[in-house]
Amino acid sequence: MSVQQMKWSTMESYLFPFDSLICMLLGISFTVWFTLLLVFIIVPAILGVSFGIRRLYMKSLIKLFEWATLRMERGAKEKNQHLYKPYSNGIIAKEPMSLEQEIQEMRREGAEPEFDMSDIFYFCRRGVESIVDDEVTKRFTAEELESWNLLTRSNYNFHHISTRLTALWGAGVLIRYGFLLPLRVTLAFTGVGLLVVLSSIIGLFPSGRIKNYVSDKVHLIENKPRNGGICVANHTSPIDVIILASDGCYAMVGQVHGGLMGVIQRAMVKACPHIWFERSEVKDRHLVAKRLSDHVADESKLPILIFPEGTCINNTSVMMFKKGSFEIGCTVYPVAIKYDPRFGDAFWNSSKFGMVNYLLHMMSSWAIVCSVWYLPPMSRREDEDAVQFANRVKAAIARKGGLADLLWDGGLKRDKVKEVFKEEQQKLYSKVLVGSSEDRSRS
């Protein structure tokens with residue numbers, strides 16, 4: 001044996017006990033960690049039992065945020081500085097008036113229905129209002145808070161903090177990234193694993209009474225979406241699906257994916273029928289409508305969950321609902337979802353953050369708190385088309401969730417304004433120029 005080999009054997013004899021000790025400590029830590037999760041979080045969540053820890057945690061956070069905001073306002077006042085106050089209702093006060101009403105109000109009384117130079121001021125004013133207070137673009141950015149929740153990404157006033165607040169913010173970073181983030185990552189992997197395993201096990205049961213019995217007995221809520229119907233909701237985050245699925249079982253609609261998402265999709269299909277489309281089939285409206293119609297026609301299948309906005313909105317408003325899911329002619333079950341931004345921002349700005357970055361932001365927040373309202377079922381009336389029905393459902397969701405009801409298409413998040421919207425404004429103005437049938441008959 002050479003001298004070099006003797007050195008290596010000596011080092012291994014010294015390091016081996018430490019390696020065994022580290023492995024043993026890691027094993028014990030993992031066992032204790034997972035046992036605590038199982039006993040205090042996973043099992044109580046499955047059984048619907050609460051220890052009151054979450055309620056106490058929320059109340060403590062609210063008091064802490066209020067104190068931090070007061071300290072921030074006091075510090076700004078001492079420095080003769082003004083704090084930024086977000087305009088929750090918009091910078092410009094707008095009255096709900098039509099184009100024709102506003103132009104008639106600007107014109108002189110008794111003016112003829114023809115072009116008037118004063119009409120230019122209406123379009124100039126509306127253009128300036130859209131630049132100063134764009135009610136569409138601001139729906140695709142995170143909601144600005146009036147109070148500070150110790151997250152630098154949620155308020156412009158965090159630079160007014162004092163030394164005491166700085167120490168408190170540092171402690172919050174350690175808690176969020178050192179405890180809450182690992183806790184939520186562990187829960188996420190555990191939840192995905194349980195979803196795949198349990199879905200595969202449920203898939204072994206024959207379709208019929210057993211699956212329906214489990215679904216009906218586990219989820220008991222008022223206005224619960226029923227088989228043969230479609231559940232529609234406003235869309236803020238990918239976790240909207242998880243939140244609603246905790247109250248009931250749904251058939252999902254989406255595109256076929258690969259990788260981990262593909263594994264989850266295949267496991268979900270084993271448990272109950274879902275509607276997955278290939279990439280080439282997504283844009284075929286007739287095929288999509290037929291698949292949806294065939295699904296709701298079979299009352300043994302679960303209700304379909306759809307987000308008609310087609311994109312994530314920052315939970316301050318509800319934008320235009322796509323009419324496709326309202327053309328089928330089945331019962332629609334509206335659901336309103338409203339997140340509490342004080343504890344964390346659930347909005348996914350997909351044009352700015354990727355999925356990994358978004359999950360990191362969300363899991364490192366204080367909490368994700370939301371309210372869900374299941375509204376009474378709605379059916380299409382004989383005197384309304386699919387667009388009118390979609391607008392009626394959207395208005396009910398916006399009213400219940402305290403959200404702004406906007407007519408704009410969420411596709412403006414990435415696309416330009418469609419020619420249809422421009423032509424609609426041109427038609428409205430042409431009616432002002434030509435005049436109504438009563439005005440023409442008088443002349």
Identify, with sequence neighbours excluded, every residue that meets side-chain contact (heavy atoms from CB on, under 4.5 Å) alongside [X].
X: Leu187; value: Leu37, Ile41, Ile42, Leu183
X: Pro308; value: Val232, Ile306, Phe321, Ser325, Phe326
X: Met378; value: Pro334, Phe389, Arg392, Val393, Ala396
X: Asn357; value: Phe353, His361

*Does anything in residues 230-242 pair up under side-chain hydrogen bond (donor to acceptor under 3.5 Å, both in side chains), and if so which pairs, sequence neighbours excluded?*
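Listed by first then second residue: His235-Asp240, Thr236-Asn315, Ser237-Tyr358, Asp240-Tyr339.
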Can you name the salt bridge (charged side-chain N to carboxylate O under 4.0 Å, His left out) partners of [X], sequence neighbours left out?
X: Arg342; result: Asp340
X: Lys301; result: none
X: Lys290; result: Asp294

With the side chain counted from C-beta on, respond yes when [X] and [Y] share a heavy-atom pair under 4.5 Å apart, and no when they do not.
X: Ile313; Y: Leu403; value: no
X: Cys312; Y: Phe347; value: yes
X: Leu302; Y: Asn227; value: yes
X: His295; Y: Val253; value: no
X: Met355; Y: Pro238; value: yes
X: Val372; Y: Val335; value: yes
X: Cys231; Y: Tyr250; value: yes

For [Y], is there any backbone N or O sitting under 3.5 Å from a side-chain donor or acceptor partner on [X]?
X: Asp345; Y: Pro341; result: no
X: Tyr374; Y: Pro225; result: no
X: Glu309; Y: Met319; result: yes

So, using side-chain hydrogen bond (donor to acceptor under 3.5 Å, both in side chains) as the criterion, who are the partners of [X] when residues are at least two apart?
X: Arg184; answer: none
X: Thr186; answer: Trp33
X: Lys400; answer: none
X: Lys338; answer: none

Nearest heavy atoms of [X] and [Y], plus distance in Å:
X: Met320; Y: Leu407; answer: CB-O, 3.6 Å
X: Tyr177; Y: Ser364; answer: OH-OG, 3.5 Å
X: Ala336; Y: Ile397; answer: CB-O, 3.7 Å

*Going through the distances and angles, do Asn314 and Asn349 end up as a side chain to side chain contact (heavy atoms under 4.5 Å, CB included)?*
CA-CA 8 Å; Asn314 69 354; Asn349 188 354; over 6 Å; no
_Salt bridge Asp405-Lys394, side-chain N to carboxylate O under 4.0 Å_ = yes
*asked:* Rounded at 0.5 Å granularity, tell me how far OH in Tyr333 sits from CG in Leu375.
replied: 13.0 Å
_Point-to-point distance, once rounded to the nearest 0.5 Å, from CG of Leu174 to CG of Leu180_ =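 Output value for this atom pair is 11.5 Å.
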